[in-house]
Amino acid sequence: MRELPHSWFADDAVLIAPKLLGKIVRHGETLGRIVETEAYTTDPASHGRVITPRSRIMQDTYGHWYVYFTYGMHYCANVTTNKVGVGAVLIRAVEPLEGLNLMRERRGQKDPRQLASGPAKFAQAFGINKTQNGLPIQGDFTIYDAPAPPEQIVAGPRIGIKAGTELPWRFYLADTPYVSGARRPKSA
DNA sequence: TACTGGATTCACT
DNA sequence: GTGAATCCAGTAA
């Protein structure tokens with residue numbers, strides 16, 4: 001398999017997010033197919049709306065991992081994008097392909113559909129934490145090229161936590177049981 | 001220095 | 001459908 005070259009991540013996050021579907025992500029022994037993504041740029045729901053020490057990586061790099069810690073217990077993994085601006089794509093769900101026993105051990109779950117069907121589930125199953133933050137997408141923690149049938153790519157509902165604001169762009173593959181059960185906004 | 005709330009998940013009703 | 005868990009980045013003072 002061929003690794004995605006650094007230049008592949010130079011475009012805007014909203015363009016990269018659907019193109020990531022079907023690609024193969026690997027961290028060590030764990031391997032899976034990306035089935036759900038979400039694009040963040042400078043919208044109100046994004047860390048990139050204000051550049052801080054944490055979010056600076058969204059502005060300063062592309063083709064790197066941006067891993068952050070949230071809700072006191074979860075990690076989420078993004079790829080940074082956009083050579084000339086601010087952007088990142090959150091990996092929301094992955095279909096497990098290799099290293100399932102290791103994922104089951106890390107997750108405490110047997111059902112393959114419960115191993116990586118959510119951004120924090122993916123991070124836990126693949127052993128991702130803040131030590132991976134800022135690493136380039138290559139080597140031991142990388143993404144391989146793979147074809148994604150265009151007819152299976154679905155553009156979101158634009159789910160977000162702040163009703164009435166500009167929401168992130170979410171994309172997923174149809175006809176897989178491995179996508180997340182993302183919640184709708186609490187109120188319209 | 002103190003406070004607030006979160007790009008989530010899970011258990012429970 | 002609802003709420004708890006849990007800690008850190010960001011913000012205001």
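For the numbers below, each heavy atom of this structure counts, side chains included, while hydrogens, waters and symmetry mates do not. Labels below follow one simple rule: chain letters A, B, ... track the order of the sequence lines, proteins then strands, and each chain is numbered from 1. Predicted, not measured: the structure shown is a model, and the values here were computed from it.
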**Asked** From the list dC7(C), dG10(C), dA7(B), which nucleotide is the closest neighbour of the side chain of R54(A)?
**Response** dG10(C)
**Item:** Salt bridge flag under 4.0 Å for residues R49(A) and D43(A)
**Value:** no
**Message:** Expressed as a whole number of angstroms, how long is the span from I51(A):CD1 to dA9(C):P?
**Reply:** 16 Å
**Message:** Under a plain distance cut-off of 3.5 Å, with no hydrogens placed, do R107(A) and Q124(A) share a side-chain donor-acceptor pair?
**Reply:** yes
**Request:** Measure from the side chain of T70(A), starting at C-beta and using heavy atoms only, and say which of dG10(C), dT11(C), dT8(B) lies closest.
**Result:** dT8(B)
**Message:** Which nucleotide wins on minimum distance to the side chain of A120(A), given the candidates dA7(B), dT11(C), dT8(B)?
**Reply:** dT8(B)
**Asked** In terms of the angle between their ring planes, are H6(A) and H64(A) parallel, tilted or perpendicular, with boundaries placed at 30° and 60°?
**Response** perpendicular
**Prompt:** According to the 5.5 Å centroid and 30° plane-angle thresholds, does Y40(A) stack upon the nucleobase of dA7(B)?
**Reply:** yes
**Request:** Starting from C1' on dC8(C), measure out to OH on Y75(A) and report it in whole angstrom.
**Result:** 10 Å
**Request:** Decide yes or no, distance alone: a donor-acceptor N/O pair under 3.5 angstrom between the base of dA7(B) and the side-chain of Y68(A).
**Result:** yes
**Asked** If you check the M58(A) side chain, which of dT9(B), dG10(C), dA7(B) turns out closest?
**Response** dA7(B)
**Prompt:** Would you say dA7(B) has OP1 or OP2 under 4.0 Å from some side-chain N or O of H47(A)?
**Reply:** yes
**Asked** Taking the side chain of T52(A) as heavy atoms from C-beta outward, which of dA9(C), dC7(C), dT9(B) is closest to it?
**Response** dA9(C)
**Prompt:** Between K19(A) and D11(A), what is the shortest heavy-atom contact and its length?
**Reply:** NZ-OD2, 4.1 Å
**Request:** Rounded to the nearest angstrom, tell me the gap between atom NZ in K130(A) and atom C1' in dC8(C).
**Result:** 9 Å
**Fill in**
Here the distance between atom C1' of dA5(C) and atom CD of Q124(A), to the nearest Å, is 14 Å
**Message:** Assigning hydrophobic clusters by single linkage (Ile, Leu, Val, Met, Phe, Trp, Tyr; side-chain heavy-atom cutoff under 4.5 Å), is F141(A) placed with I24(A)?
**Reply:** no
**Prompt:** How close or far is atom C1' of dT6(C) from atom OH of Y71(A), stated in whole angstroms?
**Reply:** 12 Å
**Asked** Nearest-Å distance, CD1 (I128(A)) to P (dA7(B))?
**Response** 18 Å
**Item:** Canonical and wobble pairing (Watson-Crick, G-U, under 3.5 Å) of DNA chain C, dot-bracket with |
**Value:** |||||.||||||.
**Fill in**
R107(A) CZ to dT8(B) P, in whole Å, measures 14 Å
**Asked** For the side chain of K121(A), counting heavy atoms from C-beta on, which of dT8(B), dA9(C), dT9(B) is nearest?
**Response** dT9(B)
**Request:** For the pair T37(A) (side chain) and L21(A) (backbone), establish whether a donor and an acceptor sit closer than 3.5 Å, ignoring hydrogens and angles.
**Result:** no
**Asked** How far does the C1' atom of dG3(C) sit from the matching atom of dG5(B), given to the nearest Å?
**Response** 15 Å
**For atom CE of M73(A) and atom P of dA11(B), their distance in whole Å** = 12 Å
**Request:** Mind telling me whether F171(A) and W169(A) have parallel, tilted or perpendicular rings, with 30° and 60° as the class edges?
**Result:** parallel
**Message:** With a cut-off of less than 4.0 Å, is there a side-chain N or O of R92(A) near OP1 or OP2 of dT8(B)?
**Reply:** yes
**Fill in**
Which of dT9(B), dA7(B), dG10(C) is nearest the side chain of H74(A)? It is dT9(B)
**Asked** Is there a path of hydrophobic side-chain contacts, each under 4.5 Å between heavy atoms of I, L, V, M, F, W or Y residues, that connects F126(A) with L100(A)?
**Response** yes
